[in-house]
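A short worksheet on the structure shown next.
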Amino acid sequence: MPDELIEIEEARRLVLERASPLAAEPVPLRDALGRVLAVEVGAADPVPGFDNSAMDGFAVRAADTASAPVTLQVVDESRAGRPAERAVRAGEAILISTGAMVPEGADSVVRVEDTSSRDGSVEVGVTVEPGGNVRRAGEDVRRGQSVIPPGTVLGAAELGVIASVGRGAAECTRRPRVYVLTTGDELHEPGEPLRPGGIRNSNAHSVPALVEASGAEVAEVETVADDPSATRSAIERALDADVVVICGGVSVGEHDHVRAALAELGVQEAFWGVALRPGKPTSFGVHDSGALMFGLPGNPVSAMVTFLLLARPAIDALLGAGTERRRATAMLDEEYAKKPGRAHAVRCRLELRDDGWHARTTGEQGSHVLTSMLGADALALIPTDSGTVPAGQRVEIELLA
Ligand code: AMP
Ligand code: MG
């Protein structure tokens with residue numbers, strides 16, 4: 001009896017159910033770009049750490065400027081990183097730079113543009129309010145405040161904020177190790193002479209690139225011939241990885257040995273066959289070691305599409321990052337011909353217009369037409385039951401980046 005195809009959203013759910021965040025490790029900030037925060041970052045210190053000047057000018061007592069113009073005695077200087085040694089008393093001012101500590105006794109700063117200096121004194125031409133031109137301690141971040149929640153992918157702003165609260169490292173989830181196995185007697189590396197019937201092993205380059213772009217680490221890329229025992233031992237070697245991605249040999253042909261090998265190695269199959277085009281012969285299971293085992297179709301587009309729709313969310317879940325953050329909708333600007341029966345993942349280019357995102361297909365959509373991935377920004381997900389989609393309809397998309 002043929003296996004029943006399951007819906008892509010159900011397949012995704014079954015995968016996510018089995019993927020939970022890996023352990024945390026401290027990562028120095030310089031290495032943390034793109035890593036996922038495991039533990040919230042709290043501020044040990046407030047930012048700014050002290051009241052400081054927003055302007056170059058003079059630190060004064062606001063009350064002294066009430067009857068401006070007024071002449072004050074300049075008694076010291078406060079520079080960035082070098083506070084004044086004296087306090088400001090009535091009738092006095094202290095020369096101050098932007099970011100420098102507001103001296104004791106002063107409650108405000110007069111901008112240099114509103115003053116004129118001569119012989120150790122300064123004439124203040126304006127009245128300032130208490131607190132004027134002063135940045136208060138804790139205005140940006142209060143002491144003890146949580147600044148970045150767990151699950152955040154660390155970008156430039158996050159790294160800057162973590163540094164600003166005085167932390168040189170961040171607790172991040174370990175990057176999943178992904179073992180990529182390509183299968184097929186016909187596969188040749190680029191640069192090797194092609195034997196008759198041979199093809200280039202493109203999956204051995206596109207899939208590891210997807211692994212890295214997803215924030216995981218490539219443990220190994222291996223190619224195995226269409227032979228049952230070679231397939232089994234190659235998969236066995238991969239079992240200490242967090243994720244194993246096997247491309248090709250997953251289907252029901254005479255020379256497809258992956259399903260049997262997985263069963264012999266005790267992999268608990270969660271599904272085999274998805275109602276998706278491209279990507280029908282896709283399987284997923286879990287080995288006792290905890291390794292998440294993906295069997296992806298060998299067709300180069302199918303391998304990329306199923307990786308993006310199933311393996312990448314699994315990597316997100318292992319990283320503790322949100323798994324739905326790449327879902328959005330876009331207006332389809334051209335008709336898409338389809339029959340009900342399977343969901344379609346359509347390679348699209350996106351364009352942002354006044355009324356939101358618009359999508360157009362990248363052209364010919366055959367699962368062997370790898371150039372259909374070139375320039376694609378998203379996969380439009382056309383549901384199983386849907387027939388032809390008219391131009392102007394809003395469709396769900398999964399962003400590729
Ligand atoms: P399979 O899933 O093994 O039946 O392969 C389906 C199609 O994808 C066949 O035309 C294979 O030659 C092709 N294919 C399989 N593996 C790769 C690969 N690593 N790179 C490029 N094409 C492949
Ligand atoms: Mg094959």
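FYI, side chains are in, hydrogens and waters are out, and symmetry mates aren't considered; it's all heavy atoms of this structure. Read the numbers this way: they start at 1 and go in the same order the structure lists the ligands and their atoms.
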Do we see a donor-acceptor contact under 3.5 Å between the side chains of [X] and [Y]?
X      : Y      : answer
Thr362 : Ser372 : no
Thr98  : Asp56  : yes
Ser97  : Arg79  : no

So, using side chain to side chain contact (heavy atoms under 4.5 Å, CB included) as the criterion, who are the partners of Arg360 when residues are at least two apart?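 Only Asp333, Glu334 meet the side chain to side chain contact (heavy atoms under 4.5 Å, CB included) criterion with Arg360.
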
Using 30° and 60° as the class boundaries, would you call the ring planes of His344 and Tyr336 parallel, tilted or perpendicular? perpendicular

Indicate yes or no: does Arg353 engage Glu351 in a salt bridge with an N to O separation below 4.0 Å.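 A salt bridge is present here (some side-chain N lies under 4.0 Å from a carboxylate O).
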
Check ligand 1 for N or O atoms under 3.5 Å from a protein N or O and list each pair with its distance.
residue, atom, partner, partner atom, Å
ligand 1, 2 (O), Gly298, N, 2.9
ligand 1, 3 (O), Gly249, N, 2.8
ligand 1, 8 (O), Gly298, O, 3.4
ligand 1, 8 (O), Asn299, N, 3.1
ligand 1, 12 (O), Glu186, OE2, 2.6
ligand 1, 14 (N), Gly298, O, 3.3
ligand 1, 19 (N), Asn201, OD1, 2.7
ligand 1, 19 (N), Asn203, ND2, 3.3
ligand 1, 20 (N), Ser202, N, 3.2
ligand 1, 20 (N), Asn203, N, 3.3

